[in-house]
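All figures in this text were calculated on a predicted structure; none of them were measured in a lab. In listed order, ligands and their atoms are each counted from 1.
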Amino acid sequence: MSEAKRLAAEKALQYVEDGMIVGVGTGSTVAYFIDALGRAPERIKGAVSSSEQSTAQLKKYGIEILDLNHTGELALYVDGADECNPARQLIKGGGGALTREKIIAEASQQFVCIVDPSKQVDVLGRFPLPVEVVPMARSLVAREILALTGGQPVFRMQSETQAFVTDNGNHILDIHHLNITDPMALEAAINQIPGVVCVGLFARRPADVVIVGGEPPQVLR
Ligand code: 5RP
């Protein structure tokens, strides 16, 4: 699948215009996109990054990291996804960067999502849905999500003894066994639970364009 990821990432370069500030997501597919940007870093003015991981890779190529508070609205955001349905609604957060990713997606005029074909589904939910939570609310949120959805919340671990900690200092619950027939309603309902920082359902703000890597890449809009 890595070749398909690379092909999708290369295709996304077509959306990058000279002098742009580009919103940059997180993950292995985006890593190929950053490598592609890195071949001509002077083409863009800088990047707004969604994670420490992407920031480190962008800086390696000398690409300036800009603060979203100073850039205002962005013309373009490029990011991957864990699942994508035909309405271009997504599950994201496998890499744990969902909150900053959702912020940048919201702040962008065009969201180009780059995926390999394994990410395409008819109904979202086979991939466990990530929910970022304030650490003290973890159990409360898990109970409420179980009651709301019937899905099985699993506390994400970094190792056997260490919890996964997001770039924002929070924890992640991964909700298993969901069949998300109404993504907008579920996104809104989970957002209502006190202690939820962000849910990795991108339904209210879906991708505008999905590029599925292959020979040739498929562009869905
Ligand atoms: C990170 C994400 C990623 O976009 C998602 O996990 C896909 O990752 P990859 O490109 O490695 O398959 O949402 O929070």
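- Side-chain contact check for Asn69 and Asp67: at least one donor-acceptor pair (N or O, by modelled atom type) lies under 3.5 Å.
- At a threshold of 4.0 Å, the pair Asp174-Arg156 counts as salt-bridged, since one of the basic side-chain nitrogens sits closer than that to a carboxylate oxygen.
- Under the 3.5 Å distance criterion, with hydrogens and angles disregarded, no donor-acceptor pair is assigned to the side chains of Ser49 and Ser54.
- Arg126 and Asn179 are not linked by any side-chain donor-acceptor pair at a separation below 3.5 angstrom, with hydrogens and angles left out of the test.
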Enumerate donor-acceptor pairs with a distance under 3.5 Å from any side-chain N or O in residues 206-220 to protein atoms, sequence neighbours excluded.
| residue | atom | partner | partner atom | Å |
| --- | --- | --- | --- | --- |
| Asp208 | OD1 | Arg205 | NH1 | 3.3 |
| Asp208 | OD2 | Phe111 | N | 2.7 |
| Asp208 | OD2 | Arg205 | NH1 | 3.1 |
| Asp208 | OD2 | Arg205 | NH2 | 3.0 |

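- Within 4.0 Å of ligand 1, contacts by protein heavy atoms are made from Lys5, Thr26, Gly27, Ser28, Thr29, Asp79, Gly80, Ala81, Asp82, Lys92, Gly93, Gly94, Gly95, Gly96, Ala97, Glu101, Lys119.
- Using a 4.0 Å cut-off between charged side-chain N and carboxylate O, Glu132 and Arg100 make no salt bridge.
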